[in-house]
Amino acid sequence: MTIGGRKIVGSDVLASYWKLAAERQRVYHARLAGEPEPWTDDEIVSQYRFTNAYRAADRVSQDLIRVIYTGSQDPDDVLLRILLYRFFNKPETWQTIEGTLGEVTAADFDAQACGAILDQALAQGDRIYSAAYIVPPPPFGHQRKHRNHLVLVETMISDGLGQSLRQAASLQDVFHLLLAYPSLGPFLAFQLTIDLNYSTLIDFDEDDFVVAGPGALSGLAKCFPDARGIPASELIRWMVDTQEQQLAHYEIDFQDLFGRRLKLIDCQNLFCETDKYARVAHPDVAGVGNRTRIKQQFIANGPLSPPRFPPKWRLDPMSSPAAVNHG
């Protein structure tokens with residue numbers, strides 16, 4: 001294979017990348033259809049927790065999409081809901097906020113009042129942040145992390161970010177608008193960029209731009225050990241561009257997302273998941289860092305609800321067997 005003008009040889013982990021993607025999709029579609037376990041014969045996928053091959057199909061992203069399209073579509077209101085949801089990244093925290101305040105709007109949002117609600121939740125022993133990824137506290141002077149995040153949300157709204165986003169010319173422009181705010185490093189700014197692109201605020205192709213997170217960089221190193229010096233974005237784009245050829249090469253049957261190909265964000269995430277998968281499947285292959293185990297076990301939390309995706313994607317999950325079973 002030629003990437004970035006260089007001949008590159010993929011390792012055995014590259015085959016596992018596509019195997020993981022296919023098996024994770026197999027599990028997803030089987031659960032949607034209401035099929036009984038086991039959903040895969042891959043022992044690693046059965047035992048450990050991996051995100052979906054498509055980011056938008058993950059449980060929290062699904063809940064966020066619901067939140068985005070439930071309520072006012074005023075740009076500031078949509079932005080507020082996305083920021084407030086993703087900084088905590090926990091559906092239960094959103095439910096606590098909305099259940100106490102009612103409809104959350106930019107005109108009525110009060111960081112102090114919201115902070116008091118979360119103070120009470122913490123006092124009751126509730127966890128208000130997800131452990132999925134760390135959101136560093138911005139330096140606004142509050143002792144409690146959540147209070148600083150709420151001030152950041154308030155600041156971004158009052159800055160007129162909603163209108164700036166609507167005027168952005170590209171996904172990369174959106175990323176740089178977010179990156180300008182304290183505590184939003186490249187990984188978090190890119191994840192928020194994708195969240196915003198689910199909404200009515202902006203509408204860019206997810207194949208426009210990608211930023212590789214730390215886990216993805218480790219997965220890339222395992223799949224392409226001799227690709228040092230080639231930008232991660234080029235390697236990820238090559239994966240997107242050649243996905244059908246690679247799946248055919250490895251003779252892997254991949255069930256896509258109701259006709260949607262894997263996008264840059266999906267292939268980026270899959271490198272992170274492959275990094276984890278390889279800790280068990282290829283323990284002797286080095287990545288970035290020294291992690292050797294997968295921490296989270298897979299536990300199925302009941303049947304999956306009918307999926308909901310941004311209407312602009314024009315997917316038709318209601319035509320799937322799962323929709324019939326839930327109907």
For a quick test of your reading: what N or O donor-acceptor pairs under 3.5 Å do the side chains of residues 73-82 make, sequence neighbours left out?
{"from": "Q73", "atom 1": "OE1", "to": "T200", "atom 2": "OG1", "distance (Å)": "2.8"}
{"from": "Q73", "atom 1": "NE2", "to": "I68", "atom 2": "O", "distance (Å)": "2.9"}
{"from": "Q73", "atom 1": "NE2", "to": "G71", "atom 2": "O", "distance (Å)": "3.3"}
{"from": "D74", "atom 1": "OD2", "to": "D76", "atom 2": "N", "distance (Å)": "3.0"}
{"from": "D74", "atom 1": "OD2", "to": "D77", "atom 2": "N", "distance (Å)": "3.4"}
{"from": "D77", "atom 1": "OD1", "to": "A106", "atom 2": "N", "distance (Å)": "2.8"}
{"from": "D77", "atom 1": "OD2", "to": "S72", "atom 2": "OG", "distance (Å)": "2.8"}
{"from": "R81", "atom 1": "NE", "to": "V67", "atom 2": "O", "distance (Å)": "3.0"}
{"from": "R81", "atom 1": "NH1", "to": "S72", "atom 2": "O", "distance (Å)": "3.0"}
{"from": "R81", "atom 1": "NH2", "to": "I68", "atom 2": "O", "distance (Å)": "2.7"}
{"from": "R81", "atom 1": "NH2", "to": "S72", "atom 2": "O", "distance (Å)": "2.9"}

Show me the donor-acceptor pairs, under 3.5 Å and distance only, between side chains in residues 163-170 and residues at least two apart or in other chains.
{"from": "S164", "atom 1": "OG", "to": "G160", "atom 2": "O", "distance (Å)": "3.4"}
{"from": "S170", "atom 1": "OG", "to": "Q172", "atom 2": "N", "distance (Å)": "3.4"}
{"from": "S170", "atom 1": "OG", "to": "D173", "atom 2": "N", "distance (Å)": "3.1"}

Which donor-acceptor pairs under 3.5 Å do side chains of residues 207-219 form with protein atoms, sequence neighbours excluded?
{"from": "D207", "atom 1": "OD1", "to": "L264", "atom 2": "N", "distance (Å)": "3.0"}
{"from": "S218", "atom 1": "OG", "to": "D275", "atom 2": "OD1", "distance (Å)": "2.7"}
{"from": "S218", "atom 1": "OG", "to": "V288", "atom 2": "N", "distance (Å)": "2.9"}
{"from": "S218", "atom 1": "OG", "to": "V288", "atom 2": "O", "distance (Å)": "3.3"}

Name every donor-acceptor pair, under 3.5 Å, that has one atom in a side chain of residues 178-193 and the other anywhere in the protein, sequence neighbours excluded.
{"from": "Y181", "atom 1": "OH", "to": "D159", "atom 2": "OD2", "distance (Å)": "2.9"}
{"from": "S183", "atom 1": "OG", "to": "P136", "atom 2": "O", "distance (Å)": "3.3"}
{"from": "Q191", "atom 1": "OE1", "to": "R55", "atom 2": "NE", "distance (Å)": "3.0"}
{"from": "Q191", "atom 1": "OE1", "to": "R55", "atom 2": "NH2", "distance (Å)": "3.1"}
{"from": "T193", "atom 1": "OG1", "to": "A189", "atom 2": "O", "distance (Å)": "2.7"}

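There is a path of hydrophobic side-chain contacts, each under 4.5 Å, that joins L257 to I252. Note on I265 and Y28: same hydrophobic cluster, where clusters join Ile, Leu, Val, Met, Phe, Trp and Tyr whose side-chain heavy atoms are under 4.5 Å apart, directly or indirectly. Hydrophobic clustering places I97 together with V153 (ILVMFWY residues linked when any side-chain heavy atoms are closer than 4.5 Å, directly or through intermediates). Hydrophobic clustering (side-chain heavy atoms under 4.5 Å, transitive across Ile, Leu, Val, Met, Phe, Trp, Tyr) groups L315 together with L304. Residues Y69 and L84 share a hydrophobic cluster, clusters being chains of Ile/Leu/Val/Met/Phe/Trp/Tyr side chains in contact below 4.5 Å.
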Taking it one step at a time, do D226 and K7 satisfy salt bridge (charged side-chain N to carboxylate O under 4.0 Å, His left out)?
CA-CA 9 Å; D226 61 347; K7 289 283 187 181; over 6 Å; no
Stepwise, does the side chain to side chain contact (heavy atoms under 4.5 Å, CB included) test hold for L64 with W94?
CA-CA 9 Å; L64 173 60; W94 172 260; over 6 Å; no
Could you walk me through whether R59 and Q62 pass the side chain to side chain contact (heavy atoms under 4.5 Å, CB included) check?
CA-CA 5 Å; R59 181 180 69 92; Q62 279 286 290; 5.7 Å; no
So L122 and R144, side chain to side chain contact (heavy atoms under 4.5 Å, CB included) or not? Walk me through it.
CA-CA 11 Å; L122 285 169; R144 306 300 294 269; 3.0 Å; yes
Determine, stepwise, if the pair L118 / F88 fulfils side chain to side chain contact (heavy atoms under 4.5 Å, CB included).
CA-CA 11 Å; L118 296 183; F88 299 99; 3.5 Å; yes
Start with the C-alpha distance between R261 and E244, add both sets of side-chain angles, then the distance that settles salt bridge (charged side-chain N to carboxylate O under 4.0 Å, His left out), and finish with yes or no.
CA-CA 9 Å; R261 299 174 79 240; E244 290 84 6; 2.7 Å; yes
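A donor-acceptor contact shorter than 3.5 Å links the side chain of Y129 to the backbone of H146. Remark: side-chain polar atoms of Q246 are not paired, donor with acceptor, to backbone N or O of W18 under 3.5 angstrom. Between the side chain of Q25 and the backbone N or O of Q255 there is at least one donor-acceptor pair closer than 3.5 Å. Checking side-chain atoms of N197 against main-chain N and O of F204 turns up a donor-acceptor pair under 3.5 Å. At least one donor-acceptor pair under 3.5 Å links the side chain of T93 to the backbone N or O of I128. With hydrogens and angles disregarded, a donor-acceptor distance shorter than 3.5 Å links the side chain of N148 to the backbone of G141. Judged by distance alone, the side chain of S11 and the main-chain N or O of K222 form a donor-acceptor pair under 3.5 Å. Side-chain atoms of N52 do not come within 3.5 Å of backbone N or O of Y54 as any donor-acceptor pair.
Looking at Q245 and H249, their side chains never come closer than 4.5 Å, going by heavy atoms from C-beta outward. Under the 4.5 Å side-chain criterion, counting only non-hydrogen atoms from C-beta, F50 is in contact with I294. In this structure, the side chains of W39 and S46 stay at 4.5 Å or more apart for every pair of heavy atoms. Contact annotation: the side chain of V45 never approaches that of F298 to less than 4.5 Å [non-hydrogen atoms, C-beta and beyond]. E92 is not listed as a side-chain neighbour of D126, based on a closest heavy-atom distance of 4.5 Å or more.
Atom CZ in R260 sits 12.5 Å away from atom CZ in R314 (nearest 0.5 Å). Taking CG from D12 and SG from C223, the interatomic distance works out to 10.5 Å, rounded to the nearest 0.5 Å.
Taking all atoms of both residues into account, the shortest heavy-atom contact from L220 to A232 is CD1-CB, 3.6 Å. Of all non-hydrogen atoms in R147 and A111, the two that sit nearest each other are NH1-O, 4.4 Å. Residues T40 and D42 come closest through the heavy atom pair OG1-N, 3.0 Å. Here the closest non-hydrogen pair linking A21 and L270 is CB-CD1, 3.8 Å. The minimum heavy-atom distance between C267 and V240, with the atom names listed, is SG-CG2, 3.7 Å. Of all heavy-atom pairs spanning V135 and F87, the tightest one is CG2-O, 3.7 Å.
More than 12 non-hydrogen atoms from other residues, nucleotides or ligands lie less than 6.0 angstrom from CZ of R6. Shown here is E251, whose CD atom has no more than 12 heavy atoms of other residues, nucleotides or ligands within 6.0 Å. More than 12 heavy atoms of other residues, nucleotides or ligands sit less than 6.0 Å from atom CD of Q297. E43 CD: 12 or fewer foreign heavy atoms inside a 6.0 Å radius.
K276 forms no cation-pi arrangement with Y48, by the criterion of a distance under 6.0 Å to the ring centre and an angle within 45° of the ring axis.
Applying the 4.5 Å side-chain rule to ILVMFWY residues, one finds V13 in the same cluster as V285.
A donor-acceptor contact closer than 3.5 angstrom links the side chains of S61 and R86.
The pair K263-D205 counts as a salt bridge, with a side-chain nitrogen and a carboxylate oxygen less than 4.0 angstrom apart. Under a 4.0 Å N-O distance rule, the pair R66/D63 qualifies as a salt bridge.
The stretch residues 228-237 participates, sequence neighbours left out, in no side-chain hydrogen bond (donor to acceptor under 3.5 Å, both in side chains) pair at all.
The aromatic rings of W313 and Y198 lie perpendicular to each other, with more than 60° between the two planes, well past the 30° mark. Using bins of under 30°, 30° to 60° and over 60° for the plane-to-plane angle, the ring pair F271/Y17 lands in the tilted bin. F224 and W238 have perpendicular rings, their planes meeting at more than 60° on a 0 to 90° scale where under 30° would count as parallel.
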